[in-house]
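Whatever order the structure lists ligands and atoms in, that order sets their numbers, starting from 1.
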Amino acid sequence: MDTLKFRNNDPLHAIGLGTWKSEPGKVKHAVKHALKVGYRHIDCAAVYNNEKEVGEALTEIFKEGDIKREDVFITSKLWNNAHRKEDVKPALMQTLKDLQLDYLDLYLMHWPVAFKSGLEGFPESDDDFLSLDEVSLSETWEAMVELKQEGLIKHAGVSNFSKEKLQDLMKETDLIPEMNQIELHPYLHQSELVEFCHANQILVTAFSPLGSQDRTEAMKADNEPTLLENDVIKSIADKHSVSPAQVLIRFHLERQVATIPKSTNEGRIEQNFESYKLNLDGEDLQKLKDLDNHYRYVNGKFFETSDGKYSNIYDE
Ligand SMILES: NC(=O)c1ccc[n+]([C@@H]2O[C@H](COP(=O)([O-])OP(=O)(O)OC[C@H]3O[C@@H](n4cnc5c(N)ncnc54)[C@H](OP(=O)(O)O)[C@@H]3O)[C@@H](O)[C@H]2O)c1
């Protein structure tokens, strides 16, 4: 398996298992199966509402004895309703309780967006948001860094951060984020942001690598393109006798980027893991580069407010 290195040389398996939308009743089996077939990197989040079941899977696997806690890299994310400094540690403690762990390998600020403390569900009006003047990203970030100093998390990072937001954070705090988890795939290369991260020793993880087709219809744009059915991707897959998903996963490894395809299906979990064995050549990579049309599946518009607190989340 391709491995990336954090600033302190801690390794990260470049293919992990995503768990957003992994249903209760399925996610436990998915996580256990993934670990049994070789995954050592699991991506979780409080807002996925399935961390308790992921925790059961981890506990059962560790009890079996072949795989130990320290063999598995576990990420979770701070939800937007806990950005005030006094809310950050309690949110982590709830995640640790649900996952039945005493530390996380990586904790990410899920979005550069703050809701009112403790807000349940999604905001229904502008009043449910806190502006970044009321709770700055650096306030939240500094509270996350304290968790690292306390030994509750091994690495701290962010998600959905633009280059501008990273630069602002880097000006205001001592610890540069160690990870930026962002949407990336052949329709969305974000080369400038990836290069900026790498130049600053910020690892990058690609989310929605397969085009996130299991999102609810409400989250989908009309006529959105289907990555897995793209003719260029299919032709590269045919050339190497692999599946389109495997091309989409390997694409990130060629860029020194980690990726976390989600599946609850045994066969697809295995297939996705096996992508590390594929080798894409220069011609394949050029064809994938030419597909870049800056298309986002997760476009962030659901966090825009009409009072101007939040607009243009990605600063583009
Ligand atoms: N930080 C963030 O804001 C953020 C945002 C989005 C996602 N994420 C993370 O990134 C992970 C992955 O992104 P995602 O869940 O949006 O979508 P994704 O991984 O791009 O796509 C998941 C979809 O692809 C299907 N699939 C999986 N393997 C396949 C294969 N080999 N062939 C064909 N179809 C396949 C899955 O179905 P089956 O399950 O039925 O196989 C599911 O419908 C998430 O689960 C989450 O952990 C983070």
| query | Tell me, which pairs form a side chain to side chain donor-acceptor pair (under 3.5 Å) where one or both residues lie in residues 226-235, sequence neighbours left out? | reply |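 For residues 226-235, and leaving out neighbouring residues, the side chain to side chain donor-acceptor pair (under 3.5 Å) pairs sorted by first residue read Tyr187-Asn230.
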
| Inter- and intrachain pairs under side chain to side chain donor-acceptor pair (under 3.5 Å), touching residues 143-156, at least two apart |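 Found Asp10-His155, Lys89-Glu150, Lys148-Glu178, His155-Glu178.
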
| Single-linkage hydrophobic cluster Leu106~Phe161, side-chain heavy atoms < 4.5 angstrom |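 No; tracing contacts between hydrophobic side chains, which count when under 4.5 Å, never links both residues.
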
| Within 45° cone of Tyr276 ring axis and under 6.0 Å: Arg250 NZ or CZ |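 Geometry flag: not set, cation outside 6.0 Å or 45°.
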
| query | Which parts of the protein, at residue level, reach under 4.0 Å of ligand 1 through a heavy atom? | reply |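 Contacts of ligand 1 under 4.0 Å: Gly18, Thr19, Trp20, Lys21, Asp43, Tyr48, Lys77, His110, Trp111, Ser159, Asn160, Gln181, Phe207, Ser208, Pro209, Leu210, Gly211, Ser212, Asp214, Leu228, Ala245, Ile260, Pro261, Lys262, Ser263, Thr264, Asn265, Arg268, Gln271, Asn272.
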
| query | Which residues pass the salt bridge (charged side-chain N to carboxylate O under 4.0 Å, His left out) test with Lys36, sequence neighbours left out? | reply |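 For Lys36, the residues satisfying salt bridge (charged side-chain N to carboxylate O under 4.0 Å, His left out) (neighbours in sequence not counted) are Glu64.
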
| Less than 6.0 Å separating the ring centroids of Phe115 and Phe303? |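 Close enough - the centres of the two rings lie under 6.0 Å apart.
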
